[in-house]
There are 2 protein chains.
Amino acid sequence: MTTVKRDTYTPETLLSVAVQVFNERGYDGTSMEHLSKAAGISKSSIYHHVAGKEELLRRAVSRALDGLFGILDEEHAREGRAVERLEYVVRRMVEVLTAELPYVTLLLRVRGNTDTERWALERRRDFDHQVAELLKAAAAEGDVRPDVEVRLATRLVFGMINSLVEWYRPDGRGMGEREVAEAVVQLVFGGLRKEL
Amino acid sequence: MTTVKRDTYTPETLLSVAVQVFNERGYDGTSMEHLSKAAGISKSSIYHHVAGKEELLRRAVSRALDGLFGILDEEHAREGRAVERLEYVVRRMVEVLTAELPYVTLLLRVRGNTDTERWALERRRDFDHQVAELLKAAAAEGDVRPDVEVRLATRLVFGMINSLVEWYRPDGRGMGEREVAEAVVQLVFGGLRKEL
DNA sequence: AGAGTAACCGAACGATCGGTCGGGACAAGG
DNA sequence: CCTTGTCCCGACCGATCGTTCGGTTACTCT
């Protein structure tokens, strides 16, 4: 079979090591020397698998962005009442954040110093904008409280969800992804829903 | 008088320039060359005013931390029902974040690569913990919904508030600090308060 | 006028940066 | 046995890093 695995590095396995170091030290604060120590191979060997430091960043943020944009293509995000599609997207965002935690973490921290980073920021803005449209639609259908501006509410909700990357850790007997998603939905919509 | 101002740099005026660049490029992504270009003086001249790059970081995060811890010393944060003290702290946090925006922004982005950064992270944890105690007290007094764990709720609320540094800009005719504070309180407590 | 000092500069320091180069070890296929 | 290709290495490259140093303005005080 062609998929017999090796015990050597592939671009993917090397990426998982690199992303972990990037998240600990920051992308700019990580040198190729740091990566080689963490991976257990020499600095020059890294270039056998990937073109360079920036390609590692590009692969990482691409993976995160693919996960997020994938949500918007799912059936429950495209059909139904806006407020229910929004709740589905919020719940799935938490799931994707926790499932692809290191990659999304890196994505949320890029500053825009290189072309790759600026491209990532642009795609992020695209995603944010599409979710904002969903909230706008829910507001138009009268399903969310009218006393908080849609644009402002979107940013605050994104802030709450994205903050997961600052403290959520999948291992250990901490809290499960399902429990976190439920709490986020409770908090977000307990404040967003029009009072009955 | 002794306070006659000069048109040359002081450690404080230089700091304001440096913090702005740090926030645009990231601390690790900013070189002394970048700072000298932004300040309009030579690289070596910077060392006439401050000891080095890390002192600029230390001054900046200290200012942010002083602002935050100052909140907890205020009268409304120390006396009264826990849920009301909490609401006051949340409102004041938004005010401090907007007033000291660049400094708090920098504080919230340190990764822990140097002693200064690790010290900043430790003091941040202190502050977070004290606010968490406030929420815990409000829960004990029965003023917040019991179906979301206190520790989890604290982190999510902090995430929402701290996300201000990602998009709030004081200039222009955007939205005022008062309006933002009100929206945050509405969203946070509209979800936190026990339903009537 | 002269002394003192704050503010600034260009040039250079050793260290480290991301990346290149030529080659060695080793397994597979003939 | 010999080739081929994968995987890896130490040594090195020019560039840039944060920082230092010797020296030059320009203003203040006496």
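Numbers restart at 1 for each chain; the letters A, B, ... are given by sequence-line order, proteins then strands.
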Could you tell me how far apart Leu35(B) (CG) and dT16(D) (C1') are, to the nearest whole angstrom?
15 Å

Could you tell me how far apart Arg25(A) (CZ) and dT16(C) (P) are, to the nearest whole angstrom?
12 Å

May I have the distance from Ile46(A) (atom CD1) to dG18(C) (atom P), rounded to whole angstrom?
10 Å

Between Glu55(A) and Arg59(A) (salt bridge meaning N to carboxylate O under 4.0 Å), is one present in this structure?
yes

Nearest to the Lys43(A) side chain among dC8(C), dC12(D), dT19(D), which nucleotide is it?
dC12(D)

Roughly, in whole Å, what's the span from CD in Glu12(B) to P in dA7(C)?
12 Å

Phosphate contact (dT6(D) OP1 or OP2) by His49(A) side-chain N/O below 4.0 Å:
no

Proximal nucleotide (of dC7(D), dT20(D), dT20(C)) relative to the Tyr47(B) side chain:
dT20(D)

I need the minimum non-hydrogen distance between Ala77(B) and Ile71(B), along with the two atoms involved.
CB-O, 3.3 Å

His48(B) vs dA7(C): side-chain N/O to OP1/OP2 distance below 4.0 Å:
yes

Which nucleotide in the set dT6(D), dC17(C), dG10(D) lies at the smallest distance from any side-chain heavy atom of Ser42(A)?
dG10(D)

Side-chain contact check for Ser44(B): nearest option of dG18(C), dA11(C), dC8(C) is dA11(C)

With a 4.0 Å cut-off, would you call Glu100(B) and Arg63(B) a salt bridge?
yes

Taking CD from Glu55(A) and P from dG19(C), how many angstroms apart are they, rounded to a whole number?
10 Å

Could you tell me whether the phosphate oxygens of dT16(C), OP1 or OP2, come under 4.0 Å of any side-chain nitrogen or oxygen in Ser31(A)?
no

Between Ala51(A) and Gly29(A), which is nearer to the 5' end of DNA chain C once each is assigned its nearest nucleotide?
Gly29(A)

Closest to side chain of Lys53(B), choosing from dC8(D), dC8(C), dG18(D):
dG18(D)

Check whether any side-chain nitrogen or oxygen of Ser45(B) sits under 4.0 Å from OP1 or OP2 of dC9(C), and answer yes or no.
yes

Which listed nucleotide (dC17(C), dG18(D), dC9(C)) is nearest to the side chain of Glu33(A)?
dC17(C)

Does the ring of Tyr27(A) carry Arg109(A) above it, NZ/CZ under 6.0 angstrom from centre and within 45° of its axis?
no

What integer distance in Å separates Asn113(B):CG from dG18(D):C1'?
15 Å

Assign Thr30(B) to base, sugar-phosphate, or nothing according to its heavy-atom contacts below 4.0 angstrom with the strands shown.
sugar-phosphate

Check the distance between dG24(C)'s P and Ile41(A)'s CD1 and give it to me in whole angstrom.
20 Å

Report yes if the side chains of Phe158(A) and Ile161(A) come closer than 4.5 Å at any heavy-atom pair, otherwise no.
no

Tell me: CE of Met32(B) to C1' of dC8(C), nearest whole Å?
14 Å

